[in-house]
Amino acid sequence: GRAMVQDRFEGPQRTKVMAYIGMAMGLSPPLAAVVGGALHVRFGWQANFILVMVLALLMLVAAWRGLPSPARARAAGLAEGHWLAAMLQAYATLLRQKSLVLYVLILCMTTAAFYTFLSGAPIVLRSYGVGPDGIGWYIMVVPVAYMAGNFLTSRLIQGKGERWVMALGQVATLSGLSLMLGLALAEFDSPLAFTLPLMLLGVGHGFLMPPTLAGTVGVVPALAGSAAALAGLMQQLMGAVGGYSVGLVQHHGSRNLGLLMLGFTLCALGAHLALRRQRLPVQASQ
């Protein structure tokens, strides 16, 4: 999907389309949490897997019917048996691009912070007395704010540029985490004190992700598909690491969860600062 955006759009327009995609993707976690919690309470946890199966079948039909057929020349080239060597060469080329590596680091560390929230929030909210059917409504705050950030990115990117938008994203993300941790350290232990400050984090991620995604596929346009695959793999791996890290510490309130999220966010900030010292490709710096 990201490679197709690279194929069809250029410059700030590519980031704008990535922002629209981000808005759609931002709707998925809160909607899933609300629907999944309701199914769990009314029909048992097994009902969620039935819904997942139905959604998977719908995605199969959508991909089969909606996507264009691949070019025959490309398919013929893959059939000759050189695809493995070409794939390895493509990844080797991408890994030599420092800007791409830094974009991927920003992407995967930001994702790790978000997945840490998604994994740890139910534990924290349960400690505040929130049940399965109410957790999704509190978790929804961050993804909805993420959608708002993506919408603002689609409006700001033309005039302000990607460097400015990404910097604003880092400021908003760190501000939200700092406010949440400050309230936790001051012993304001409540669901709202935990989730409302993280609206800033959601908006900040909405500023960060579209230009970062556009950057990953724009550094080497001829290898956009491989770059999207590499970025997606690292994004999901670090998301899994973020989720796993939640189980390594105790969660009596939101302090430890906030510290985990802050650690991943600072890693993303370090990669971002290093990226600003790189000479970015034209389409990523407009």
Side-chain angles (χ1 to χ4, degrees), residues 1-19 21-22 25 63 67-68 70-71 73-115 153 157 161-163 165-167 169-170 205 207-242 264-286:
R2 296 170 185 171
M4 284 190 282
V5 175
Q6 159 67 28
D7 291 340
R8 292 179 174 270
F9 302 95
E10 296 181 357
Q13 187 68 17
R14 181 186 303 135
T15 303
K16 186 175 182 179
V17 174
M18 286 289 191
I21 293 174
M25 293 178 66
L67 296 181
R74 180 175 300 178
L78 293 176
E80 294 175 359
H82 303 299
W83 61 271
L84 180 58
M87 180 180 69
L88 294 176
Q89 183 179 4
Y91 287 131
T93 300
L94 290 171
L95 291 174
R96 288 194 293 268
Q97 306 296 320
K98 189 173 181 180
S99 295
L100 174 70
V101 173
L102 292 172
Y103 272 125
V104 171
L105 279 173
I106 297 171
L107 179 68
C108 65
M109 291 300 174
T110 302
T111 300
F114 182 60
Y115 276 45
T153 298
I157 197 64
E162 295 186 356
R163 285 179 178 266
V165 171
M166 290 179 70
Q170 294 286 6
H205 284 190
F207 287 140
L208 275 170
M209 296 300 270
T212 303
L213 289 171
T216 58
V217 297
V219 173
V220 186
L223 298 177
S226 297
L230 176 64
L233 171 66
M234 294 307 302
Q235 187 178 6
Q236 295 305 316
L237 281 176
M238 285 307 302
V241 170
F264 289 119
T265 299
L266 291 176
C267 291
L269 177 62
H272 186 193
L273 294 175
L275 179 66
R276 289 180 66 89
R277 293 193 291 268
Q278 297 294 307
R279 184 179 179 182
L280 300 183
V282 174
Q283 65 267 29
S285 60
Q286 288 178 340

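Here CD1 of Ile106 is found 4.0 Å from CE of Met166. Values are rounded to the nearest 0.5 Å. A distance of 7.5 Å separates CG in Leu95 from CG in Leu100, rounded to the nearest 0.5 Å. With rounding to the nearest 0.5 Å, the separation of CG in Leu208 from CZ in Phe114 is 13.5 Å. Atom OG1 of Thr111 sits about 11.0 Å away from atom CG of Leu237, to the nearest 0.5 Å. One distance of note links NZ of Lys16 with CD1 of Ile157; it measures 10.5 Å at 0.5 Å rounding. Atom NE2 of His272 is separated from atom CE of Met109 by 15.5 Å, given to the nearest 0.5 angstrom.
When side chains are defined from C-beta on, Ser226 counts as touching Leu94, because their heavy atoms get closer than 4.5 Å. In this structure, the side chains of Tyr115 and Gln236 come closer than 4.5 Å at one or more pairs of heavy atoms. Taking the side chain as every heavy atom from C-beta outward, Leu107 and Gln235 approach each other to under 4.5 Å. Taking 4.5 Å as the limit, every side-chain heavy atom of Leu105 sits out of range of all side-chain heavy atoms of Leu275.
Among all heavy-atom pairs drawn from Cys108 and Met234, the shortest one is CB-O, 3.5 Å. Nearest heavy atoms, Tyr103 versus Thr212: O-CG2, 3.3 Å. For the residue pair Gly169 and Phe207, the shortest heavy atom distance occurs at CA-CB, 3.6 Å. Between Ala274 and Leu102, the shortest heavy-atom distance links the atoms C-CD1, 3.7 Å.
In this view, Thr265 satisfies the side chain to side chain donor-acceptor pair (under 3.5 Å) rule with no residue, not counting sequence neighbours.
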